[in-house]
Amino acid sequence: MPSRPSVYLETFGCQMNELDSELVTGQLVALGYAMVAEPNLAQVVLYNTCSVRDLAEQKVRSRLGEMRIRKQNDPAIVVGVLGCMAERDGAALINKFPAVDVLCGPAELDKLPGLLDNAWRTRQSMVNDFENGSSRGVGGSAKQIALQGDASRRSSTLAAAQDTLELLDLSRSVSPSDHSGSAYVRITRGCNKFCTYCVVPNTRGAEMHRPPDHIIDECKRLADAGVIEITLLGQTVNHYRYEHGAAITVAGIEQPQKGRTYKGGHQRDILAGERVTTFADLLKRIHDEVPAILRLRFVTSYPRDFGDDVLEVIRDSPRICRYLHVPAQSGSDTQLSRMNRGYTVSEYMDFLDRARAILHEPEKGRPLTIAGDMIVGFCGETDEDFRASIDLLERARYKNCFIFKYSPRPGTSAFDKIADDVPEDVKRKRCNDLLAVQHRISDEVAQEQVGRTFDVFVEGASRHEQKKRKASADGNAGINLTVGGRAVSDPSGGIAVIDHDDAPTQLSGRTDGDLIVVFDRPEGKPLESLVGGIHKVRITKANVLTLFGELV
Ligand code: SAH
Ligand code: SF4
Ligand code: F3S
């Protein structure tokens with residue numbers, strides 16, 4: 001096999017993109033590409049991009065500007081844009097940034113190796129032609145493009161039959177060295193909700209549910225490789241529903257299924273049973289069939305699609321985390337309706353009450369923690385609407401909440417139909433005000449944990465400890481200790497080997513409710529006996545971001 005170019009891959013955006021990057025990396029490494037940690041060491045530079053807000057795209061645009069300059073000195077280099085920005089901007093991106101050679105949307109990533117191979121050969125031959133005095137020169141435009149475009153919402157049959165992407169998930173490499181005890185597993189692709197502000201249904205295409213057996217098998221393989229924590233991924237993860245017998249088989253493999261009849265809502269799924277695997281069924285199957293997974297969580301949940309069946313499965317399954325990320329987006333019914341969210345504030349609050357009634361058991365060391373997302377300054381938001389969002393935060397009492405200023409996205413219906421009429425300085429002020437409210441609430445939620453004892457999944461050195469060690473290592477052999485005690489090479493190529501006396505004394509981990517816990521490693525307790533495992537820690541004090549405690 002001819003030697004392959006070296007590849008640098010940088011990831012922006014959500015967990016879905018992190019997983020995609022992991023799959024792409026596995027695929028490229030299997031083909032003989034070497035991944036490198038610095039763009040200037042690479043012959044192929046890839047950006048896996050996000051389009052959800054303009055800021056996310058700006059970061060990529062600035063990287064592409066840097067690559068334009070680099071390409072002037074190094075014309076053979078291949079630059080690829082993967083993910084949601086490639087899909088949203090399409091060929092227009094290449095017009096703006098001619099340095100881009102490869103465009104690959106998130107639903108086409110299985111085609112990436114072929115695109116890269118073509119792009120690499122083309123660049124090489126162009127450079128050779130140029131050096132030999134041929135007229136084609138290095139500015140030639142043999143761009144490699146794979147985008148879903150209009151096909152993303154064709155009929156279910158066609159879309160499902162074309163979904164060779166499933167093969168990418170199925171071919172996932174799960175060797176122990178790839179994972180640090182924790183992994184993502186996709187259960188649903190795409191989104192059908194069309195919230196008016198959101199670009200995701202355009203970039204990720206129609207909602208598709210993966211066959212439950214594929215998911216269980218992937219969880220088992222990850223567990224065999226030493227993974228003990230799995231986070232299931234989907235844009236509306238709790239909308240998962242698989243109808244057996246309605247599946248299409250391509251090349252002997254059952255394909256993901258388009259979200260069909262289920263309208264969501266709070267009711268139980270009456271078709272649940274043999275013919276349908278509901279989200280509740282899926283959680284229970286993973287919990288029962290893969291007991292080596294000690295922590296099972298899922299993100300992101302859609303407020304409208306939680307039947308009590310799901311909450312009861314969580315309550316009755318000790319290894320499913322008492323953690324929900326269930327964004328409200330606004331506390332005003334007018335705004336929720338403009339956003340096309342499909343629920344009212346009172347329905348949202350009823351759901352939180354229901355979830356807490358069933359799942360909040362602090363006396364058993366299992367409080368329910370809830371995280372949210374809010375958008376401020378969406379079209380038409382008045383002071384009163386904004387006050388309603390503050391009020392929602394006060395009532396919801398999230399452990400943390402991601403707060404975003406509305407960013408109009410081309411291709412969404414809000415962009416086309418509703419004026420972005422809240423001035424930037426008002427958006428900024430509302431964002432800061434809401435952050436301040438959440439900051440106080442997060443602190444209060446943290447203080448409530450003092451005196452409680454939690455099972456903590458110990459991940460490695462605390463951030464504080466990492467910084468301290470990085471500084472004392474003189475910027476040369478930085479330590480980035482991961483679960484399992486492996487020392488990972490830093491970008492400068494130095495590898496830090498950790499001996500016992502020098503092992504970090506302050507460790508950090510997370511509760512099943514995703515609260516960060518920091519504690520000191522007791523003297524004489526070897527690092528390997530703690531990191532990567534679950535241990536009991538009693539909380540002695542807390543601040544807004546972190547709980548501090550001692551091993552019991
Ligand atoms: N599927 C998830 C969210 C995916 S996008 C859900 O429905 O909850 C992640 C978050 O980005 C959203 O929850 C929303 O708060 C924010 N977001 C999406 N589009 C946005 C936009 N145009 N401007 C600002 N924030 C946005
Ligand atoms: Fe976007 Fe709404 Fe889908 Fe979430 S549910 S990804 S916010 S369209
Ligand atoms: Fe961004 Fe695409 Fe995820 S737009 S948030 S990377 S689904």
Side-chain angles (χ1 to χ4, degrees), residues 10-21 47-57 59-60 81-89 105-107 109 148 152-153 184 186 188-207 233-240 259 264 298-306 324-331 335-336 338-343 348 370-379 381 389 392 398 400-416 418 420 422 424 427-428 430-431 434 438:
E10 184 171 357
T11 307
F12 302 82
C14 64
Q15 294 107 325
M16 206 71 85
N17 260 17
E18 286 174 36
L19 175 56
D20 283 342
S21 285
Y47 300 112
N48 193 8
T49 59
C50 174
S51 255
V52 80
R53 284 169 291 277
D54 188 53
L55 197 64
E57 292 199 349
K59 286 186 201 156
V60 176
V81 177
L82 324 179
C84 291
M85 189 176 169
E87 189 66 50
R88 193 195 69 70
D89 228 357
L109 288 172
Q148 224 186 3
S152 71
R153 298 206 162 264
Y184 294 126
R186 187 186 336 261
T188 296
R189 297 201 185 95
C191 181
N192 283 353
K193 296 284 194 232
F194 286 100
C195 302
T196 53
Y197 52 81
C198 183
V199 81
V200 173
N202 306 346
T203 62
R204 295 262 167 186
E207 183 183 79
L233 296 185
Q235 290 299 348
T236 53
V237 71
N238 51 324
H239 197 239
Y240 178 87
F298 51 87
V299 290
T300 306
S301 297
Y302 194 70
R304 214 183 52 194
D305 298 332
F306 265 116
L324 299 174
H325 181 190
V326 56
Q329 312 295 4
S330 170
Q335 291 304 91
L336 288 176
R338 258 186 209 134
M339 291 174 167
N340 189 31
R341 286 291 285 183
Y343 51 85
Y348 182 82
I370 301 178
D373 293 358
M374 295 289 275
I375 297 178
V376 294
F378 182 61
C379 314
E381 188 184 70
S389 286
L392 182 133
Y398 299 123
N400 70 299
C401 182
F402 301 95
I403 296 166
F404 306 106
K405 287 184 294 174
Y406 170 57
S407 166
R409 309 307 298 133
T412 60
S413 71
F415 186 87
D416 292 335
I418 329 179
D420 172 28
V422 179
E424 180 58 30
K427 284 184 186 169
R428 197 176 319 120
R430 287 181 184 168
C431 187
L434 210 55
Q438 182 55 45

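Counting starts at 1 for both ligands and their atoms, following the listed order. Worth knowing before you read on, the calculation uses all heavy atoms, side chains too, and leaves out hydrogens, waters and symmetry mates.
- Considering both main-chain and side-chain atoms, Ser301 never comes within under 3.5 Å of ligand 1 through any nitrogen or oxygen pair.
- Side-chain N/O atoms of Arg304 and Tyr302 include no donor and acceptor closer than 3.5 Å.
- Summary of contacts: the protein heavy atom closest to atom 5 (S) of ligand 1 is Val52 CG2, 3.9 Å.
- Heavy atoms of Arg204 come nearer than 4.0 angstrom to ligand 1 in no pair at all.
- Shortest non-hydrogen contact noted between Asn202 and Glu87 is O-CG, 4.0 Å.
- Because its NZ or CZ atom is not both nearer than 6.0 Å to the ring centre of Phe378 and within 45° of the ring axis, Arg338 does not count as a cation-pi partner of that residue.
- Contact annotation for Pro201 and ligand 2: only side-chain heavy atoms (C-beta onward) come within less than 4.0 Å of the ligand.
- Looking only at protein heavy atoms, the nearest one to atom 2 (Fe) of ligand 3 is Cys84 SG, 2.2 Å.
- For ligand 1, one of its N or O atoms has an N or O atom of Gln329 under 3.5 Å away.
- For Thr236, every heavy-atom contact with ligand 2 shorter than 4.0 Å involves the side chain, none the backbone.
- Not a single heavy atom of Lys193 lies less than 4.0 angstrom from ligand 1.
- Looking from atom 2 (Fe) of ligand 2 to the surrounding protein, the closest heavy atom is Cys195 SG, 2.3 Å.
- On a distance-only criterion, Tyr406 and ligand 1 share no N/O pair closer than 3.5 Å.
- Contact annotation: for Phe194 versus ligand 2, heavy atoms closer than 4.0 Å belong to the backbone alone.
- The option with the heavy atom closest to atom 22 (N) of ligand 1, from among Gly234, Ser407, Cys401, is Ser407.
- Scanning the protein heavy atoms around atom 7 (S) of ligand 2, the nearest turns out to be Tyr197 OH, 3.4 Å.
- Counting only heavy atoms of the protein, atom 3 (Fe) of ligand 2 lies nearest to Cys191 SG, 2.3 Å.
- Residue Thr236 places no heavy atom under 4.0 Å from ligand 1.
- Of all atoms in ligand 1, listed by their number and element, those nearer than 4.0 Å to a heavy atom of Pro327 are 8 (O).
- What sits closest to atom 4 (S) of ligand 3 on the protein, heavy atoms only, is Ser51 N, 3.3 Å.
- With a heavy-atom cut-off of 4.0 Å, Gln235 touches ligand 1 through backbone and side chain alike.
- Taking only nitrogen or oxygen atoms, main chain and side chain alike, Tyr302 does not reach within less than 3.5 Å of ligand 1.
- Within the 4.5 Å cutoff, no side-chain heavy atoms of Thr188 are placed close to those of His239.
- Considering backbone and side-chain N/O of Asp373, one or more are found under 3.5 Å from N/O of ligand 1.
- Note that CZ of Arg88 is 9.5 Å distant from OG1 of Thr203, once rounded to the nearest 0.5 Å.
- Proximity of Val200 to ligand 1 is not established, as no heavy-atom distance is less than 4.0 Å.
- Scanning the protein for heavy atoms near atom 1 (Fe) of ligand 3, the closest one is Cys50 SG, 2.3 Å.
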